[in-house]
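Residue numbering restarts at 1 for every chain, and letters A, B, ... go by the order of the sequence lines.
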Number of protein chains: 2
Amino acid sequence: MALGKDYTGQDCSLSRGLELLGERWTLLVVQNALYGVRRFNDFQVRLDIPKAVLSDRLARLTEGGVLEKRQYQPSPPRFEYLLTDAGVELWPVIYSLSAWSHRNIGGEPPRLFRHASCGSGLLPSSDCPECGSIPPGEVEMYPGPGPKRTDPVSRAMNRPRRLLEPVVPA
Amino acid sequence: MALGKDYTGQDCSLSRGLELLGERWTLLVVQNALYGVRRFNDFQVRLDIPKAVLSDRLARLTEGGVLEKRQYQPSPPRFEYLLTDAGVELWPVIYSLSAWSHRNIGGEPPRLFRHASCGSGLLPSSDCPECGSIPPGEVEMYPGPGPKRTDPVSRAMNRPRRLLEPVVPA
DNA sequence: CTACCTCGGTTCAGTCATTGAACCCTGGCT
DNA sequence: AGCCAGGGTTCAATGACTGAACCGAGGTAG
């Protein structure tokens with residue numbers, strides 16, 4: 001990750017994971033991909049991230065097998081970044097870290113999550129208390145009490161929706 | 001986190017969590033604290049981290065309520081850093097990210113984990129497949145097939161042991 | 001009493017990453 | 001012909017990380 005140096009000498013899987021995912025912005029990009037963001041411009045608008053950094057992060061995540069870059073129309077050529085299966089498997093990591101942060105740092109969450117088919121809120125592990133482990137496609141996201149961004153991408157995301165459902169700004 | 005700028009403008013808990021935990025080395029420090037490392041020097045030896053950075057990370061984690069600094073002997077004055085309850089709650093986050101990295105990036109793990117009382121390996125969520133959610137104190141860590149560091153702290157850690165049990169280098 | 005050792009740091013110059021603004025190119029649209 | 005959108009690249013300034021050197025309090029061996 002940062003500073004050209006990797007975590008050489010470290011012997012654990014975590015350090016290898018952090019080389020790919022541990023840089024600034026990277027996990028927020030993955031989070032937004034889970035929320036349905038797919039296009040360069042939409043990531044940029046929603047995250048307020050410098051374009052050069054976004055470009056780098058999308059490229060690394062693509063190399064690393066977390067995202068896949070696809071052309072979604074031939075002309076003008078336009079691209080989107082989709083989560084791979086490996087990328088989707090990051091949902092429990094991202095949710096559990098969000099949940100930890102909410103419990104231990106505070107702040108009102110702008111978005112809440114529930115199991116779409118039974119309506120239960122999720123456990124910190126991202127499991128459903130009634131049904132156990134559930135895939136992200138069955139998780140419904142809906143507005144919570146916290147403050148929300150007002151850019152078009154965030155507004156499109158604030159309507160109740162499943163994870164992974166593509167965001168289409170107005 | 002990095003660059004004096006925080007993730008201002010972001011509206012999610014995750015960004016607040018990453019301000020505290022998302023810097024280089026921070027999560028590895030917490031991981032090693034879960035593995036039983038407590039002293040400045042032991043972190044430094046095991047992680048090969050610049051002392052200035054370690055000093056900064058321990059201070060931030062202490063401010064942030066993840067660690068607690070304690071003097072464990074009066075003379076000469078010596079200190080240790082213990083995980084708070086909030087810090088211990090990071091175990092599922094760290095384990096699930098490690099497990100993801102192992103599945104999706106590869107490499108042999110130097111350490112494996114099982115539920116001490118029933119002997120089952122852990123699910124990716126860090127739950128026991130037989131007993132469900134278990135506290136870190138009931139997780140036993142034992143050597144896996146992967147390469148291991150040979151510094152004294154790592155060697156002390158490579159004996160089978162519970163999470164959180166203090167590491168005592170030879 | 002002196003020299004040396006450990007622990008737990010701090011200081012500092014050099015290197016590398018991030019930022020934000022400016023620019024660029026392709027291909028529509030008017 | 002001129003303008004716009006999407007998806008980037010370039011570049012100077014700023015800030016973080018690195019590694020080596022240094023430091024001070026308190027033991028301890030000679």
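- Taking the side chain of A:Asn41 as heavy atoms from C-beta on, and the options D:dG26, D:dG19, D:dG7, the nearest nucleotide is D:dG7.
- The side chain of B:Arg39 contributes no N or O atom lying less than 4.0 Å from OP1 or OP2 of C:dT6.
- Checking D:dG27, C:dG9, C:dG8 against every side-chain atom of B:Tyr81, the shortest atom distance belongs to C:dG9.
- A close approach under 4.0 Å does not occur between any side-chain nitrogen or oxygen of A:Ser55 and OP1 or OP2 of D:dG7.
- Between the C1' atom of C:dG8 and the CZ atom of B:Phe43 lies a distance of 13 Å, rounded to the nearest Å.
- One finds a salt bridge joining A:Asp56 and A:Arg60 here, because a Lys/Arg side-chain nitrogen approaches an Asp/Glu carboxylate oxygen to under 4.0 Å.
- Protein atom CD of B:Gln44 is 13 Å distant from nucleotide atom C1' of C:dT10, rounded to whole Å.
- Of all nucleotides listed (D:dG27, D:dG7, D:dG19), D:dG27 comes nearest to the side chain of B:Ser75.
- Spacing between atom CG of A:Leu58 and atom P of D:dG8 amounts to 8 Å, rounded to whole angstrom units.
- Distance from the side chain of A:Arg78 is smallest to D:dG7 among D:dT18, C:dT18, D:dG7.
- Atom CD in A:Glu80 sits about 13 Å away from atom C1' in D:dG6, given to the nearest Å.
- The shortest distance between the side-chain N/O atoms of A:Arg24 and the OP1/OP2 oxygens of D:dA16 is not below 4.0 Å.
- If you take CG of A:Asp56 and C1' of D:dT9, they are 13 Å apart, rounded to a whole angstrom.
- Rounded to an integer number of Å, the gap from A:Gln73 CD to D:dA5 P is 15 Å.
- Of the possible polar contacts, none joining the A:Ser120 side chain to the A:Cys128 backbone as a donor-acceptor pair under 3.5 Å is found.
- Rounded to an integer number of Å, the gap from B:Leu18 CG to C:dT18 P is 14 Å.
- Residue A:Lys51 has its side chain nearest to D:dG8 when only C:dT19, D:dG27, D:dG8 are considered.
- At the phosphate of D:dT18, OP1 or OP2 sits under 4.0 Å from a side-chain N or O atom of B:Trp25.
- When the nucleotides C:dG8, C:dT19, C:dG27 are ranked by their closest atom to the side chain of A:Pro77, C:dG27 comes out on top.
- Side chain of A:Arg162 to main chain of A:Gly137: a donor-acceptor pair is present (N/O by atom type, distance under 3.5 Å, no hydrogens or angles).
- Checking A:Arg39, A:Lys69, A:Arg70 one by one against A:Glu80, the salt bridge (Lys or Arg N to Asp or Glu O under 4.0 Å) holds for a single residue, A:Arg70.
- Distance, A:Arg57 CZ to D:dG8 P: 15 Å, rounded to whole Å.
- Among the nucleotides D:dG7, C:dT18, C:dG20, the one closest to the side chain of A:Phe79 is D:dG7.
- Both A:Leu164 and A:Leu67 are members of a single hydrophobic cluster when ILVMFWY side chains are connected at heavy-atom separations under 4.5 Å.
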